[in-house]
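Remember, it's a predicted structure, so these values are computed and weren't measured experimentally.
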Amino acid sequence: MLELNDTSLLETRAYVGGEWTMGKETFPVHNPSTGELIANVADLGVAETKHAIDSAYLAKKDWALQTGKERSAVLRRWFELLVKNADDLARILTAEMGKPLSEARGEILYGASFIEWFAEEAKRIYGDVIPGHQRDKRIVVIKQPIGVVGSITPWNFPNAMIARKVGPALAVGCTFVARPAEFTPLSALAMAVLAERAGVPAGVFNVVPSSDAARIGKEICANPKVSKITFTGSTRVGQILMEQCAPTIKKMSLELGGNAPFIVFDDADVVAAVEGAVIAKFRNAGQTCVCANRIYVQSAVYDEFSQKLAARVAGFAVGDGLTEGIVIGPMINEAALSKTEAHIADAAAKGASIVTGGKRHELGGNFFAPTVLAGMTSEMLVANEETFGPVAPLFRFETEDEVVELANESEFGLAGYFFANDIRRIWRVAEQLEVGMVGINTGLISTEVAPFGGVKQSGLGREGSKYGTEDYLEIKYICFGGVQ
Ligand SMILES: NC(=O)c1ccc[n+]([C@@H]2O[C@H](COP(=O)([O-])OP(=O)(O)OC[C@H]3O[C@@H](n4cnc5c(N)ncnc54)[C@H](O)[C@@H]3O)[C@@H](O)[C@H]2O)c1
Ligand SMILES: O=C[C@H](O)CS(=O)(=O)O
């Protein structure tokens with residue numbers, strides 16, 4: 001049993017229209033570290049999902065009529081409760097997702113920071129006054145909430161990926177129906193417990209756990225009362241959702257897959273680059289959308305970098321995320337392990353060498369040994385697909401032009417990183433990388449104050465920052481005639 005200060009945060013019922021309901025069915029949630037059953041959670045179907053959407057639709061008028069300051073106060077209270085309960089929320093998150101407790105607590109505070117940020121932005125949704133085009137005309141532009149937002153989110157950051165969406169949505173006056181990943185619904189339900197305590201009105205925030213992602217997703221995409229879909233997950237599912245939203249022309253925000261290049265130039269601080277690679281690659285056991293997926297190292301520093309990185313990786317403590325000092329927790333499931341194995345096998349078959357790791361961990365279960373591969377080439381699966389596991393593939397390169405071309409050889413464009421000190425090179429490479437976000441001499445770029453998002457097939461729109469409300473607003477142009 002999970003040791004919580006407030007056991008009421010381990011909620012297994014769905015939250016719809018301000019009511020907690022167990023529905024007719026349940027589905028199990030297991031701990032990926034131990035395989036143990038954590039809880040059986042309400043398994044809502046299409047009818048209940050429709051009811052949640054109806055509840056959000058009914059609630060949207062009054063919520064939008066509240067002032068930004070009134071909505072801000074509610075979000076601020078929610079933020080304060082999320083922080084106050086961070087330890088319990090982190091334990092729930094680690095239990096259902098597996099990441100080390102320190103990372104889970106970091107995610108809770110990161111997620112809360114979006115609620116805090118958009119509590120502030122709620123008061124600053126400005127319009128425009130535009131000089132009239134004719135003497136008797138006066139032009140005003142106002143911004144209004146889009147309406148009901150449907151949200152579908154992944155298991156790897158089960159708190160922050162919802163917070164990054166529900167924060168701006170509620171701030172501007174939208175209402176929200178969240179369908180969390182089937183592996184990790186408990187974090188979303190705990191957020192709903194605290195939202196209710198914070199005074200979020202009934203129907204404004206709804207959580208619809210379900211084991212049938214495709215069926216519930218179809219309802220959310222097709223329902224005409226839903227005005228917008230915000231999705232975080234794989235590019236493959238993002239494409240499905242785009243097709244399903246076409247008949248009703250829904251607005252969409254998509255935070256999709258990545259294949260981040262991580263480049264170490266010969267003028268880099270190699271020790272700093274190793275630490276940057278550790279965080280950019282192995283955070284959440286590599287199960288992060290902005291993880292370094294390809295590590296390019298210029299020849300002159302290749303041997304030093306690979307030796308230092310391998311030594312750090314070989315020393316990682318692997319185990320249950322609830323255990324103090326663990327750096328690498330379990331992968332989410334067998335499919336994740338198999339994909340990681342397949343990428344390593346493909347690389348080895350094409351000439352790569354395993355510097356450390358390279359196989360399932362001796363702990364068994366969902367644990368995988370943190371891995372460094374050398375001698376990588378562009379023909380390998382790892383170069384072209386998102387591994388989403390604790391594998392650091394090293395590619396050697398000679399020139400700046402060569403590595404920029406290699407880095408951009410991907411249909412993905414979420415994040416990219418490089419370590420260098422020549423300011424002219426830094427500007428050249430930062431401007432040329434075909435990504436939405438660039439980390440220079442750092443492996444950790446995620447923050448609520450900056451616009452998070454990608455280009456190419458990594459998504460549409462931005463989350464966080466002053467730009468984060470735009471995706472939840474409609475612009476209305478009002479023309480006053482006859483003014484003389
Ligand atoms: N860009 C970002 O901010 C970001 C953040 C986290 C994860 N991701 C990406 O997400 C992927 C890993 O997460 P995942 O395995 O949960 O991705 P996924 O696309 O398999 O699942 C994401 C969510 O969509 C649901 N889903 C799956 N099939 C669906 C369907 N047909 N219709 C409706 N919903 C469906 C899942 O149940 C889950 O809740 C990686 O590609 C990663 O890069 C991106
Ligand atoms: O998986 C990617 C998420 O966006 C996590 S983070 O925002 O990079 O921390």
- Going through the distances and angles, do F418 and I440 end up as a side-chain contact (heavy atoms from CB on, under 4.5 Å)? CA-CA 5 Å; F418 64 91; I440 300 169; 3.7 Å; yes
Distance, nearest 0.5 Å, that separates [atom1] of [X] from [atom2] of [Y]:
| X | Y | atom1 | atom2 | value |
| --- | --- | --- | --- | --- |
| D88 | R105 | CG | CZ | 10.5 Å |
| L9 | L194 | CG | CG | 5.0 Å |
| H343 | E385 | NE2 | CD | 4.0 Å |
| E48 | D54 | CD | CG | 12.5 Å |
| M97 | S33 | CE | OG | 9.5 Å |
| F282 | E103 | CZ | CD | 12.0 Å |

Would you mind reporting whether [Y] and [X] have side-chain heavy atoms less than 4.5 Å apart?
| X | Y | value |
| --- | --- | --- |
| F231 | C245 | no |
| T387 | T340 | yes |
| L10 | L186 | yes |
| F157 | T288 | yes |
| V278 | L309 | yes |
| Q287 | F388 | yes |
| I220 | I216 | yes |
| S151 | M161 | no |

Consider only side-chain N and O atoms of [X] and [Y], and report whether a donor and an acceptor are under 3.5 Å apart.
| X | Y | result |
| --- | --- | --- |
| K69 | T67 | no |
| N159 | S187 | no |
| S8 | D6 | yes |

Could you tell me whether [X] and [Y] have a side-chain N and a carboxylate O separated by less than 4.0 Å?
| X | Y | value |
| --- | --- | --- |
| R76 | E80 | yes |
| K165 | E463 | yes |
| K359 | E362 | no |
| R360 | E341 | yes |
| K251 | D471 | no |

Counting N and O atoms only, with roles assigned by atom type, does the side chain of [X] sit under 3.5 Å from a partner on the main chain of [Y], one being a donor and the other an acceptor?
| X | Y | value |
| --- | --- | --- |
| R179 | G217 | no |
| S465 | V449 | no |
| N156 | N284 | no |
| S210 | L44 | yes |
| K250 | N223 | yes |
| R294 | N259 | yes |
| S458 | G413 | yes |
| R71 | W63 | yes |
| N40 | V29 | no |
| T12 | V41 | no |

Kindly list each side-chain donor-acceptor pair under 3.5 angstrom involving residues 15-28, sequence neighbours excluded, with atom names and distances?
residue : atom : partner : partner atom : Å
W20     : NE1  : E196    : OE1          : 3.0
T21     : OG1  : G23     : N            : 3.1

- Please identify each residue that fulfils side-chain contact (heavy atoms from CB on, under 4.5 Å) with A272, with sequence neighbours left out. D269, F419
- Can you say whether the rings of W78 and F205 are parallel (under 30°), tilted (30 to 60°) or perpendicular (over 60°)? tilted
- What orientation do W155 and F183 show, parallel under 30°, tilted 30 to 60°, or perpendicular over 60°?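 If you compare the ring of W155 with that of F183, the planes turn out perpendicular.
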- Please list all pairs passing the ring pair (Phe, Tyr, Trp, His ring centres under 6.0 Å) test where one or both residues lie in residues 84-111, with sequence neighbours left out. Y110-F114
- Item | Pi-cation contact, Y472 with K228 (under 6.0 Å, within 45°) |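 Cation-pi check for K228 and Y472: passes.
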For residues [X] and [Y], report the shortest heavy-atom separation together with the two atoms involved.
| X | Y | result |
| --- | --- | --- |
| A317 | G325 | CB-O, 3.6 Å |
| A415 | I445 | CB-CD1, 4.0 Å |
| A190 | L89 | CB-CD2, 3.5 Å |
| P32 | E96 | CD-O, 3.5 Å |
| A104 | A90 | CB-O, 3.6 Å |
| E434 | V455 | O-CG2, 3.6 Å |

- Heavy-atom count around K339 NZ within 6.0 Å, excluding the residue itself: above 12?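 Yes, the 6.0 Å shell around NZ holds more than 12 heavy atoms from other groups.
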- Query: Is it the case that more than 12 heavy atoms not belonging to Y467 sit under 6.0 Å from its OH atom?
  - Reply: no
- Apply side-chain contact (heavy atoms from CB on, under 4.5 Å) to the pair Q457 and L256, showing each step before the final yes or no. CA-CA 7 Å; Q457 294 189 32; L256 304 178; 5.9 Å; no
